[in-house]
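Below is one structure, written out as structure tokens; the observations come after it.
Just so you know, residue 1 is the first one in the sequence shown, and it goes up from there.
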Amino acid sequence: MLILILIFSLISTSSVKAISEEEIFKEYLWSEVNVLTPPKRPRIGLVLGGGGARGLAHIGVLRILQEEGIPIDVITGTSVGALIGGLYAANVPIEKMERLAEDIGWEKITNLSAEAIVKLLTAEKLLSTEKMEKYITLQIGNKRFDELKIPFACVATDLKTGEKIIFREGLVAPAVRASATIPGVFEPVEYRQRYLVDGGLVDNLPVEVAKMLGAEIIIAVMVSADFTQYSTANILLTLNQAIYIQGEVLNQEQLKKAHLVIRPQVKDISAIELWRARECMDAGIIAARKMLPEIKNLIMQETFTHLFLQ
């Protein structure tokens, strides 16, 4: 009742002439809805796709969702989406994730170097993502999926069978590493007699996986690319191009199943340009902020429908 009195008093003052009664009422409804927890409201799933360096935009999206009190009950991710989603699900603060992104380089998560590339070309010796697993472990410890603050799953590909492998149990770090291991350049990750590589080959935007985890409202983050702008001057660039072209095709079906899509404008950024992290995160912030009214309206509408049907 006190809140309603405050609303009506605000409406009557000249300082809020630019604010409509409808907008104030919506803000009041949102303040009531965003404190609800399942089963009083639908479970909200956040789906983070692959895209290499472009996927660092996910951090900017997460910052806005957190600042605005958008609840996240489930996270799924592929490739860089698995990396960002895993860190956030493990309760790594956004501020720390931003610092890590600005400081990250291929040398910190792989053994990529000029010497290693020569070996790749001459001795056909694949590079390794073992450093990535150690890097993730350094940030979150030896956490298992069941120890995460937010339920999380990520996707990898079985290189021998082509199967989609969904990680929902066991240690998080090796699962995320497998999800983000580019085939043809980096050694597959051996896991339970399987040889696993980047999940973008089979499911670059794991919407259905979020539904499997119980999400009833799906918010997907799509970091599309403009492939015509990118070089294919070496093996890494060429394989990246091939994977993300396939990923774009797979994304179209998954996007139809999402309730809402956030699209950071990072098309001009190559998958390998980790040094453009700040640009990517800023793009995520802008895109998420732009979609806030739609996100809030969607959650409110689905919550009231959910309550009505109970």
Side-chain angles (χ1 to χ4, degrees), residues 1-11 16 18-49 57-77 81 84-85 88-91 94 145-146 148-153 168 205-222 251 253-264 284-310:
M1 181 61 70
L2 181 60
I3 294 175
L4 287 174
I5 292 171
L6 178 60
I7 289 172
F8 289 128
S9 66
L10 284 171
I11 292 172
V16 291
I19 303 176
S20 70
E21 293 181 31
E22 181 183 359
E23 288 172 330
I24 293 174
F25 185 59
K26 280 184 178 180
E27 282 305 309
Y28 165 67
L29 291 178
W30 174 248
S31 71
E32 295 291 306
V33 167
N34 77 337
V35 296
L36 297 176
T37 57
K40 292 183 179 179
R41 64 159 173 78
R43 290 170 62 82
I44 300 166
L46 182 67
V47 180
L48 306 178
H58 296 322
I59 299 173
V61 171
L62 284 166
R63 167 169 282 285
I64 296 303
L65 297 184
Q66 181 174 284
E67 287 179 353
E68 293 294 325
I70 308 296
I72 300 172
D73 304 300
V74 167
I75 301 177
T76 60
I84 303 301
Y88 192 74
N91 206 28
I94 286 292
F145 279 81
D146 60 347
L148 297 175
K149 182 182 178 183
I150 302 172
F152 168 68
R168 297 177 57 184
L205 196 68
V207 171
E208 285 292 342
V209 177
K211 291 182 178 180
M212 285 174 52
L213 265 61
E216 299 162 283
I217 297 175
I218 306 290
I219 301 172
V221 184
M222 174 81 165
N251 287 344
E253 281 303 309
Q254 294 297 316
L255 286 172
K256 296 174 185 176
K257 302 170 185 177
H259 292 86
L260 187 144
V261 182
I262 300 172
R263 301 175 185 269
I285 288 171
I286 293 167
R289 188 171 283 138
K290 181 179 178 182
M291 295 297 293
L292 275 176
E294 289 187 49
I295 294 171
K296 291 180 178 180
N297 285 339
L298 170 65
I299 294 171
M300 287 190 289
Q301 289 169 6
E302 293 296 324
T303 297
F304 295 140
T305 301
H306 186 77
L307 290 171
F308 179 75
L309 293 175
Q310 281 186 333

Legend entry - Distance-minimising heavy-atom pair for Val47 and Ala210: CG2-CB, 3.8 Å

Inset, instruction - Looking only at non-hydrogen atoms, find the nearest pair between Gly85 and Ile75 and report the distance. - result: CA-CG2, 3.8 Å

Inset, instruction - Can you measure from CD (Glu32) to CG (Leu29) and round to the nearest 0.5 angstrom? - result: 8.0 Å

Inset, instruction - Could you list the residues that satisfy salt bridge (charged side-chain N to carboxylate O under 4.0 Å, His left out) with Lys149, not counting sequence neighbours? - result: none

Legend entry - Heavy-atom closest contact (Leu213 atom, Thr76 atom, distance): CD2-CG2, 4.4 Å

Legend entry - side-chain hydrogen bond (donor to acceptor under 3.5 Å, both in side chains) contacts in which one or both residues fall within residues 291-300, not counting sequence neighbours: Glu68-Lys296

Legend entry - Closest contact, heavy atoms only, Ile70 versus Trp30: CD1-CZ2, 3.5 Å

Inset, instruction - Starting at CD1 of Ile44, measure out to CD of Glu216 and round the result to the nearest 0.5 Å. - result: 9.5 Å

Side-chain donor/acceptor pairs under 3.5 Å, residues 58-67, sequence neighbours excluded:
residue	atom	partner	partner atom	Å
His58	NE2	Gly49	O	2.9
Arg63	NE	Glu98	OE2	2.7
Arg63	NH1	Glu67	OE2	2.8
Arg63	NH2	Glu98	OE1	3.1
Gln66	OE1	Tyr88	OH	3.0

Inset, instruction - First locate atom CG of Leu46, then atom CD1 of Ile219, and finally report the distance between them rounded to the nearest 0.5 Å. - result: 6.5 Å

Inset, instruction - Sequence neighbours left out, what passes side chain to side chain contact (heavy atoms under 4.5 Å, CB included) with Pro38? Give chain and number order. - result: Arg41, Arg43, Asp73

Legend entry - Distance-minimising heavy-atom pair for Phe152 and Phe145: O-CD2, 3.2 Å

Legend entry - Nearest atoms (heavy-atom pairs only) where Leu48 meets Leu205: C-CD1, 4.4 Å

Got a list of side-chain donor-acceptor pairs under 3.5 Å for residues 257-264, not counting sequence neighbours?
residue	atom	partner	partner atom	Å
Lys257	NZ	Glu208	OE2	3.3
His259	ND1	Ile218	N	2.9

